[in-house]
Amino acid sequence: QLQLVESGGGLVQAGGSLRLSCAASARTFSNYDMGWFRQDPGKEREFVAGISRSGSGTDYADSVKGRFTISRDNAKNTLYLQMNSLSIEDTAVYYCAAVAEASWALARASMTRSSGMHYWGKGTLVTVSS
């Protein structure tokens with residue numbers, strides 16, 4: 001069982017930055033590929049970024065490429081999402097999630113659909129104002 005707790009959300013002006021964190025409960029954190037997802041009310045949850053268990057592989061949604069950076073610290077059981085140049089369209093609840101697959105390629109495939117993830121946090125709200 002892996003418990004995930006997000007933090008770092010809040011209110012920020014357009015053009016600003018935020019760093020989200022996701023603390024994992026188990027020392028098996030390094031056994032999981034991790035992802036960030038977001039959901040706006042009335043919309044489906046969407047993939048934002050993913051990272052392999054070692055941190056060597058990353059993947060991003062086109063909408064955040066060049067602005068967001070996903071990283072992890074396996075010694076601290078923590079996942080991060082650095083968000084720069086935020087826009088109003090980035091307003092959403094952000095969730096971290098974990099998946100255990102045989103390869104990074106399979107994990108990336110799982111991340112294309114939120115139902116493919118094995119564990120979820122409860123989310124942190126990011127609000128970007130104009």
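Here the structure is a predicted model, which means the values were calculated and not measured.
- Checked against side chain to side chain contact (heavy atoms under 4.5 Å, CB included), A24 has the following partners two or more places apart in sequence or in another chain: L2, L4, F29, N77.
- Atom CD of residue E89 and atom OG of residue S63 lie 10.0 Å apart, to the nearest 0.5 angstrom.
- At a threshold of 4.5 Å between non-hydrogen side-chain atoms, the residues Y119 and V99 do not count as touching.
- Counting only distance, with no hydrogens or angles, the side chain of Q39 and the backbone of K43 share a donor-acceptor pair below 3.5 Å.
- Within the structure, side-chain hydrogen bond (donor to acceptor under 3.5 Å, both in side chains) pairs that include any residue of residues 120-130 do not occur (at least two apart or interchain).
- Judged purely by distance below 3.5 Å, without hydrogens or angles, the side chains of T78 and D73 never pair a donor atom with an acceptor atom.
- In terms of the ring-ring contact (aromatic ring centres under 6.0 Å, His included) criterion, Y60 has no residue partners (sequence neighbours excluded).
- The cationic atom of R45 (NZ for Lys, CZ for Arg) lies less than 6.0 Å from the six-membered ring centre of Y95 and within 45° of the ring axis.
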query: After noting the C-alpha distance and the side-chain angles of E101 and S110, does the key distance pass the side chain to side chain contact (heavy atoms under 4.5 Å, CB included) rule?
result: CA-CA 8 Å; E101 295 287 2; S110 292; 2.7 Å; yes
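- The number of heavy-atom neighbours closer than 6.0 Å to CD of E46, taken from other residues, nucleotides and ligands shown, is above 12.
- With rounding to the nearest 0.5 angstrom, the CE atom of M117 is 8.0 Å from the CG atom of D33.
- Annotation: disulfide bond (SG atoms under 2.5 Å apart) contacts involving residues 65-120, sequence neighbours excluded, comprise C22-C96.
- Closest approach of A92 and L125 over heavy atoms only: O-CD1, 3.6 Å.
- Under the ring-ring contact (aromatic ring centres under 6.0 Å, His included) criterion, F47 pairs with F37, sequence neighbours left out.
- Closest non-hydrogen pair, S56 versus S52, comes out as N-OG, 3.3 Å.
- Looking at every heavy atom in both residues, R67 comes nearest to S85 through NH1-O, 3.0 Å.
- Side chain of R38 to backbone of V93: no donor-acceptor contact under 3.5 angstrom is found.
- Across all their heavy atoms, V48 and F68 have their closest contact at CG1-CD2, 3.7 Å.
- In this view, V12 and L18, L86, V128 satisfy the side chain to side chain contact (heavy atoms under 4.5 Å, CB included) rule, not counting sequence neighbours.
- Distance CD/E6 to CG/L81: 11.0 Å, rounded to 0.5 Å.
- Of all heavy-atom pairs between W104 and G50, the closest is CH2-C, 3.6 Å.
- In plain terms, the two heavy atoms of S71 and L79 that are nearest each other are O-CD1, 3.3 Å.
- Both cation-pi conditions hold for R19 and Y80: the charged atom is under 6.0 angstrom from the six-membered ring centre and inside a 45 degree cone around its axis.
- L20 is listed as a side-chain neighbour of W36, based on a closest heavy-atom distance under 4.5 Å.
- Going from atom OG of S21 over to atom CD of Q82 covers 9.5 Å, rounded to the nearest 0.5 Å.
- Checking side-chain atoms of S103 against main-chain N and O of L106 turns up a donor-acceptor pair under 3.5 Å.
- Counting heavy atoms from C-beta on, the side chains of V126 and T91 never come closer than 4.5 Å.
- Taken from CZ in R72 to CD1 in I70, the straight-line distance is 8.5 Å, to the nearest 0.5 Å.
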